[in-house]
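To start, the structure itself, in structure tokens.
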Amino acid sequence: PRAPRAPDPTPHAAARRDTADLERQHTAEPAAAPVARVVDFANAARESRDAPTTHRGPPPAPSRPPIAPKPPPYGSLTRVLERLDEVQTREELLAALLDGLGSFASAAAVFAARRKLFTGIASRGIDAARFRGLSITEAGAVAASIELGERVGVPRGAADGPLLAALELTGAPPTELVLRPVFVAGKTAMLLAAWGVGDLHEGARRARVLATSASAALERLVGKGR
């Protein structure tokens, strides 16, 4: 019989056989990378924000129906984790993360962190061109996710207005979000957001695994100057 595993210290960490072996490889804390190089990862987001098509400040709420939750069961994360181990460019990293988040969520977004701002760099299920380059501050649910390492629930405070607007959720029914930061060298490098999740327990667990894997991949890319 299989020996029992020690409890995972993080919330929402129930194991699944289809990804358990790979996930164990993705839970070790990555070695520290030079902080200055880590910050440089957000330069692409800053360049996108400064492009002529950039929208500054909270965007207008789009007219669209609410996104239906994606019901379980969810497919294996194994292929996504293997891709994250092998990505060679930032674009490949973002594509793999969106595929991973899309395994359990109807919509997802990735923000790059830079000096207390979180700038949209990739999304799925919303207007990607509109989202790219939008910046929000570290407040409300975003700040809670950075402080606690995770935030799962419905953002309700006034401070969450810019986040909801960026995710096209302004005026929508209360929506449960899974927010998971990606840390590199002790600094926040990215923020993963997912919503339209039918199983929040499993969604939070998968976001944790993806964030850990993304941290290692990002450190590797930063070291290569990509």
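When reading the values below, keep in mind they use all heavy atoms of this one structure, side chains included, and skip hydrogens, waters and symmetry mates.
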> Does the side chain of S103 come under 3.5 Å of the side chain of R206 through a donor N or O and an acceptor N or O?
Replying inline: yes
> Which heavy atom in I67 sits nearest to a heavy atom in A107, and how many Å separate them?
Replying inline: CD1-CB, 3.4 Å
>> How long is the straight-line distance from CD of E138 back to CG of L163, given to the nearest 0.5 Å?
In response: 12.5 Å
> Are R79 and E82 ion-paired here, with the side-chain N under 4.0 Å from a carboxylate O?
Replying inline: no
>> Show every ring pair (Phe, Tyr, Trp, His ring centres under 6.0 Å) that has at least one partner inside residues 117-166, sequence neighbours left out.
In response: F111-F131
> Can you find a heavy atom in the side chain of D199 that is under 4.5 Å from one in the side chain of F104?
Replying inline: no
Side-chain donor-acceptor pairs under 3.5 Å in residues 93-101, sequence neighbours left out?
| from | atom 1 | to | atom 2 | distance (Å) |
| --- | --- | --- | --- | --- |
| D99 | OD1 | R124 | NH1 | 2.9 |
| D99 | OD1 | R124 | NH2 | 2.9 |
| D99 | OD2 | R83 | NH1 | 2.6 |
| D99 | OD2 | R83 | NH2 | 3.2 |

>> By the ring pair (Phe, Tyr, Trp, His ring centres under 6.0 Å) test, which pairs, at least two apart or in different chains, include something from residues 157-181?
In response: none
> Out of curiosity, L218 CG to L84 CG, how far, rounded to the nearest 0.5 Å?
Replying inline: 11.0 Å
>> Could you check whether any side-chain N or O of S123 sits under 3.5 Å from a backbone N or O of A108, counting only pairs where one atom can act as donor and the other as acceptor?
In response: no
> Looking at residues at least two apart in the chain, or sitting in another chain, which of them share a side-chain contact (heavy atoms from CB on, under 4.5 Å) with E92?
Replying inline: V87, Q88, T89
>> Holding to side-chain contact (heavy atoms from CB on, under 4.5 Å), I want the full list of residues that pass it with A144, two or more places apart in sequence or in another chain.
In response: R151
>> Going by the rule side-chain contact (heavy atoms from CB on, under 4.5 Å), which residues pair with P71 if we only count those two or more places apart in sequence or in a different chain?
In response: none
